[in-house]
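Residue numbers start from 1 in every chain, and the chains themselves are labelled A, B, ... in the order their sequence lines are given, proteins ahead of strands.
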Amino acid sequence: MLPTLRLLLLRLRLRGAARACPALRQGSTASAPQRPPGVGPRRPASHTCPWPSPRLPALEPLTSPARALSGEAGAKDKTPVMMRLLVVLMLGVSGLVVLLSLYQEKELKRWQQRVEQLRHMVVGQGDFQLVDHTGQPRCKADFTGQWVLLYFGFTHCPDICPEELEKLSGAVHLLEKDPSLPPVQPVFVTVDPKRDDPAAMARYVRDFHPRLLGLTGSPEHVQEAAKTYRVYASAGAPDEDGDYIVDHTVLIYLLAPDGLFLDFYTRGKSEAQIAHSVRRHMLTYRCINQ
Amino acid sequence: MSAPSMEERQACWGARDQYWKCLDKHAEDTAECRQIRLTFEARCPQQWVKYFDKRRDYLKYKEQLQEGQYQPPKKTEETATHT
């Protein structure tokens, strides 16, 4: 598009120059001073091709239409074209702005719909009675008013739980960097209450985020909590040492301050992606519920 | 028996990674990697060794599927169950 515009402008300049200088029109070089090729708008008289020679100098950039307008002779001729160009540009830019805002609105609507759908799944509705790693009893009400990132796992986990908890801790650290956001409470609930008593949980959580809270309890209460969050957990067969691995759902849950489940993050999500999603939820949550 | 600490976990993972690197180098020839295998078994709980062996089998199986070279085993009992 730009080369075509350049040619257009060049033609206009030449037309203007021809009007001012009859010598060019008539093709006479008698009074024309000798100019080295490639300099100035005048062409050699013998050159009858209507199209500009490729050796002509570069044109002024389009960003300075004022210069072009106030320039040489034939300025009146250029104004309508420049004005038209400007109008077209402005229309184009405003069109883009409108499209962008429409797209953003659509994205927000889609986001809100997804949040509504997840809420309808009614995960995490029930209460739980657990004990934290300091031995203090905790129930669901203790977490209302706070954003929570929740993970179910067990301390004898070979690799998945440490990795997910590292990721969770990383996401919380990233969110902490923004002082305008409310704090997020990281929580780790065991699916292996037989071995993971408060002392075992305390030893485990200190390797991760300083505010990571470990929750355990009686097998019945833990099972109840797992059921509330639709977490599957199944202990494998123990070996000679009595060691066993618990197969379980690997998900990080996001709970809103009203205690309801808002979103989840699988193994594939990075800590940056989780932090970004949580931030987005925090901002849209305020928008919806204010 | 308490769970391994962070240092113990990392020592175990390091030994596992070395063992797997050795297997990659020697095309799954366990005889060449006997010494490293013993270190791996010493540093990791038995359950974890079994778990990582299954994980290795699964990763290799996935690789073969992706390359279109998978050969199903002759007997189904030989197939490892994956958790």
So, E41(B) and R37(B), do they make that salt bridge, N to O below 4.0 Å? yes
For chain A, which residues from residues 3-32 of chain B have at least one heavy atom closer than 4.5 Å to it? A3(B), S5(B), M6(B), R9(B), W13(B), R16(B)
Nearest-0.5 Å distance, [atom1] of residue [X] to [atom2] of residue [Y]:
X: K177(A); Y: H173(A); atom1: NZ; atom2: NE2; result: 9.0 Å
X: I274(A); Y: L149(A); atom1: CD1; atom2: CG; result: 7.0 Å
X: T228(A); Y: Q223(A); atom1: OG1; atom2: CD; result: 10.5 Å

Taking the side chain as everything from C-beta on, heavy atoms only, tell me whether Q273(A) gets closer than 4.5 Å to Y265(A). no
Within-4.5 Å side-chain heavy-atom neighbours: D258(A) and Y285(A): yes
Just wondering, are more than 12 heavy atoms of other shown residues or ligands nearer than 6.0 Å to [atom1] in [X]?
X: Y244(A); atom1: OH; value: yes
X: E107(A); atom1: CD; value: yes
X: K140(A); atom1: NZ; value: yes

I need the full list of disulfide (SG to SG under 2.5 Å) pairs touching residues 117-222 of chain A, with sequence neighbours left out, sorted by first then second residue. none
Part of residues 183-191 of chain A lying next to chain B, heavy-atom separation under 4.5 Å: none
Those residues of residues 193-208 of chain A, ordered by number, that approach chain B below 4.5 Å (heavy atom to heavy atom): R203(A), Y204(A), D207(A), F208(A)
Hydrogens and angles aside, do D159(A) and Y51(B) bring a side-chain donor and acceptor to less than 3.5 Å of each other? yes
Side chains of E176(A) and H209(A): is there a donor and an acceptor less than 3.5 Å apart? yes
Quick check: F261(A) with Y229(A) (ring centres under 6.0 Å apart)? no
